[in-house]
Amino acid sequence: MEKSKRTVSYEPKELISKDELTALQTRRMKNTLLRAYSFVPYYKKKWDEHGVHPDDFTFLEDIKKFPFTTKEDLRLNYPFGLFATPMSDIVRLHASSGTTGKPTVVGYTQNDINMWADLVARSIRLAGGHRGDILHVSYGYGLFTGGLGAHYGAERLGCTVVPASGGFTDKQVTLLNDFNANIIMVTPSYMLNIIEELENRGIDPRDTALEIGIFGAEPWSVEMKNKIEEKVGISAIDIYGLSEMMGPGVACESFEDRGDLYVWEDSFYPEIVDRDTFEPIEDGQEGELVFTTLTREALPIIRYRTKDLSTLYQGDLLNMRKMKRITGRTDDMMIIRGVNVFPSQIEEILLKIKALCPCYQLVITREHNMDDLSIDIEPNPNVNETEINSAVKTLKHKIKSGIGISVKVNVKPIGGIPRSQGKAQRVVDKRKK
Ligand code: DLL
């Protein structure tokens with residue numbers, strides 16, 4: 001199917017009116033609160049201490065009376081303490097490995113798995129996918145929700161799924177070529193490795209059958225998106241999700257209304273709160289995304305603080321609101337000599353410099369109580385020394401004038417920066433010893 005001929009079809013559930021949506025969300029939210037209070041002792045205790053009860057909820061804005069849930073709450077209840085169903089009803093477990101401490105464990109009933117598959121199928125459809133597409137999944141299969149989440153959703157839509165998982169990039173390229181997949185689901189950073197491997201084999205990525213890439217699981221700048229679209233000749237669609245809500249498919253960009261993502265508000269109620277005070281803020285302003293599950297049976301989560309920074313607003317296509325592409329996470333922010341810097345700001349500048357390869361790492365060090373940021377970069381192949389020196393100069397200058405910090409730049413040999421097979425590690429913090 002040619003890219004230009006793709007159309008998106010919608011199901012009645014997605015075309016719900018604003019009033020119907022509000023009524024549905026209110027009903028589902030009430031059930032979720034009752035479920036959490038009745039079946040999860042941790043919520044009961046916390047809300048009793050806080051002086052709130054599900055009876056205090058009548059309208060959607062009443063959700064603001066309830067306390068937030070954080071990753072710490074999940075850790076404290078490791079592994080199954082927040083489950084609202086007996087283990088005999090849990091058919092699947094996933095876990096996300098944090099950088100410190102215990103992983104957070106999430107559980108699903110059969111209904112949860114079905115709902116998840118429906119929402120991922122809906123996301124792939126919104127991204128332009130159809131029954132009959134050959135869909136290559138390079139998100140990792142296993143405890144990470146990416147692989148199996150994408151897999152079940154793609155099958156639900158009726159795609160032919162290639163469950164490649166992450167890694168073995170040479171094999172991925174062979175499969176992509178031989179099976180003629182027209183959709184790929186993968187992290188944007190791993191897509192860069194696949195592109196590199198194709199090029200190493202002398203294959204122009206534009207000559208593959210790929211038409212659509214559905215990328216997520218990590219922050220990626222608009223520049224990265226443009227670069228992938230240009231190099232592969234595909235539509236690079238953004239998909240968002242987190243294990244605490246279910247996995248991929250909480251929100252997705254539309255093929256027909258490009259830029260930003262529609263939130264599946266009939267299943268997840270989004271709020272934005274001030275990143276410092278945690279006070280709720282109006283649509284249209286940036287802050288931390290907070291979600292409440294509306295249909296989860298096994299793991300109802302109320303007002304989960306994601307640490308992801310975004311803005312909610314009403315799009316044109318659906319009555320469910322849109323969220324802006326994630327600009328960063330509150331815990332991603334680096335403070336370099338008093339200046340707040342997000343890795344995405346550096347990526348935006350770096351990717352505009354043609355002589356540099358899009359793989360990079362930011363290294364933070366501390367000397368004499370002062371933090372320093374250096375950027376490890378690789379040049380593109382076939383770039384000469386003069387061009388590299390000029391690219392380094394441009395990079396330093398643009399970061400100084402755009403962000404206001406001085407950085408060191410280390411040019412590594414080609415292949416010198418570790419390639420990701422899933423989520424890329426963009427920041428190496430050498431201060432933590
Ligand atoms: O990354 C689920 C997922 C898999 C989403 C595949 C999309 C595709 P976790 O491992 O729990 O779940 O990590 C969730 O990843 O809070 C964000 O910080 C980040 N993230 C996910 N999608 C995006 C995106 C999966 N599209 C955390 N843009 C989230 C930016 C994203 N960041």
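Whatever order the structure lists ligands and atoms in, that order sets their numbers, starting from 1. Residue numbers run from 1 in the order of the sequence given.
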(request) Using a 4.0 Å heavy-atom cut-off, say whether L242 meets ligand 1 through its side chain, its backbone, both or neither. (result) both
(request) Give the ring-plane orientation class for W47 versus Y37, where under 30° counts as parallel, over 60° as perpendicular and anything between as tilted. (result) parallel
(request) Between R329 and ligand 1, find which residue part has any heavy-atom pair under 4.0 Å and reply side chain, backbone, both or neither. (result) side chain
(request) Taking only Lys NZ, Arg NE, NH1 and NH2, and the carboxylate oxygens of Asp or Glu, determine whether D260 and K324 approach each other closer than 4.0 Å. (result) no
(request) Compute the minimum heavy-atom distance from K423 to ligand 1 and say whether it is under 4.0 Å. (result) yes
(request) Look only at interatomic distance and state if I239 has a nitrogen or oxygen under 3.5 Å from any nitrogen or oxygen of ligand 1. (result) yes
(request) Just jot down the ligand 1 atoms closer than 4.0 angstrom to any heavy atom of I326, in number order. (result) 28 (N), 30 (C)
(message) I need the atoms of ligand 1 closer than 4.0 Å to a non-hydrogen atom of D238, numbered in the order shown.
(response) 24 (C), 26 (N)
(message) I need the minimum non-hydrogen distance between E265 and R321, along with the two atoms involved.
(response) OE2-N, 2.7 Å
(message) Can you report which non-hydrogen protein atom sits closest to atom 25 (C) of ligand 1, along with the distance?
(response) G241 O, 3.6 Å
(request) State the atoms of ligand 1, each with its element, that fall below the 4.0 Å cut-off from a heavy-atom position in G146. (result) 4 (C), 6 (C)
(request) Would you mind telling me which of K352, R325, K354 makes a salt bridge (charged side-chain N to carboxylate O under 4.0 Å, His left out) with E223? (result) K352
(request) Indicate whether the side chain of T174 and that of R201 have a donor and an acceptor atom separated by less than 3.5 Å. (result) yes
(message) Take a 6.0 Å sphere around NZ of K408 and say whether it holds more than 12 heavy atoms from other residues, nucleotides or ligands.
(response) no
(request) Indicate, as side chain, backbone, both or neither, the part of E218 found under 4.0 angstrom from ligand 1 when only non-hydrogen atoms are considered. (result) backbone
(request) Answer yes or no for R303 and F291: cation-pi contact, defined as NZ/CZ to six-membered ring centre under 6.0 Å and angle to ring axis within 45°. (result) no
(message) Could you check whether E197 and T169, counting side-chain N and O atoms only, form a donor-acceptor pair closer than 3.5 Å?
(response) no
(request) Find all atoms of ligand 1 within a distance of less than 4.0 Å from any non-hydrogen atom belonging to T145, and give their numbers and elements. (result) 2 (C), 12 (O)
(request) Give the residue, atom name and distance (to 0.1 Å) of the protein heavy atom nearest atom 29 (C) of ligand 1. (result) D308 OD2, 3.2 Å
(request) Specify the protein heavy atom at minimum distance from atom 11 (O) of ligand 1: its residue, its atom name, and the distance to 0.1 Å. (result) S243 OG, 2.4 Å
(request) Measure from NZ or CZ of R426 to the centre of the six-membered ring of Y360 and say whether it is under 6.0 Å with the direction within 45° of the ring axis. (result) yes
(request) Just need the protein heavy atom nearest to atom 22 (N) of ligand 1, so name the residue and atom and give the distance. (result) A217 N, 3.0 Å
